[in-house]
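Naming convention: chains lettered A, B, ... in sequence-line order (proteins, then strands); numbering from 1 in each chain.
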Amino acid sequence: MVLDSAEFHSAVYSVVRQIPVQKVTTYGHIAKLVGMPNHSRHVGQALKYLSPDTNPPVPWQRVVSSTGAISSRGPGTDGAQRQREALEAEGVEVRIGRTGELLVDLKEDGWFPSPSEIQIENEG
DNA sequence: AAGGTGACGCCTA
DNA sequence: GTAGGCGCCACCT
């Protein structure tokens, strides 16, 4: 498996598509599920390179960092806000941290299946 | 070719 | 509970 391959991307997408509504998981856990536990950053890359018209859709809003924080994507961008709105529209509670960070409760809404509980397109 | 960056995560003070 | 440092590796300059 090569990191920047279509294979890697489709593996990531197939996992993300299996996140249930009103649940969230982390970049790191997805990395583990696709068999590359030290490549959480590349999970973010794969989502970043998603096109809006990807079909079937990939619920990228259900992926957050290991602390439960929604990644800001840098000061001039609205990605974090759009992710918050998408999550709240699904019924997921999003809190605001002291420094204005958007936080979800991983204890309550986290979804961390073992690899055997999911299907990975490339391997199945 | 070389160095910096990033939709991250873990370990240590 | 918070902050800072380091590891990670494809991509961009």
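Between A/Asn38 and A/Gln45, it is A/Asn38 whose nearest contact on DNA chain C lies nearer the 5' terminus. Taking the nucleotide of DNA chain C with the nearest heavy atom to each of A/Arg41 and A/Thr99, the more 5' of the two is matched to A/Thr99.
Residue A/Ser66 places its side chain closer to B/dG9 than to any other of B/dC8, C/dC9, B/dG9.
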(request) Given side chain to side chain contact (heavy atoms under 4.5 Å, CB included), test A/Leu102 with A/Val64 step by step and report yes or no. (result) CA-CA 10 Å; A/Leu102 304 173; A/Val64 300; over 6 Å; no

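Atom-to-atom, CZ of A/Phe112 to P of B/dG9 comes out at 10 Å; the value is rounded to the nearest Å. In this structure, A/His42 atom NE2 and B/dG9 atom P are separated by 13 Å, rounded to whole Å. The separation between A/Leu102 atom CG and B/dA7 atom P is 15 Å, rounded to whole Å. Spacing between atom CG of A/Leu106 and atom P of B/dC8 amounts to 14 Å, rounded to whole angstrom units. Between A/Leu33 atom CG and B/dG9 atom C1' there is a gap of 15 Å when expressed in whole angstrom units. Spacing between atom CG of A/Leu87 and atom C1' of B/dA7 amounts to 13 Å, rounded to whole angstrom units. Rounded to whole Å, atom C1' of C/dA10 lies 15 Å from atom CG of A/Leu47. Look at CZ on A/Phe8: it is 16 Å from P on C/dC8, rounded to the nearest Å.
The phosphate of B/dG6 has neither OP1 nor OP2 within less than 4.0 Å of any side-chain N or O from A/Ser71. Contact annotation: A/His39 reaches the phosphate of C/dC9 (side-chain N/O to OP1 or OP2, under 4.0 Å).
Between A/His9 and A/Tyr49, the ring planes lie parallel to each other; the angle is under 30°, not in the 30° to 60° tilted range.
Looking at heavy-atom distances under 4.0 Å, A/Ser40 makes contact with a base. Heavy atoms of A/Arg98 sit under 4.0 angstrom from primed sugar atoms or phosphate atoms, though from no base atom. Using a 4.0 Å heavy-atom cutoff across all strands shown, A/Thr26 reaches sugar-phosphate atoms only and no base atom.
Closest non-hydrogen pair, A/Ala46 versus A/Val12, comes out as CB-CG1, 4.2 Å.
Within the 4.5 Å cutoff, the side chain of A/Leu87 has heavy atoms near those of the A/Ile70 side chain. A/Arg62 has its side chain out of reach of A/Pro20: every pair of non-hydrogen atoms, C-beta onward, lies at least 4.5 Å apart.
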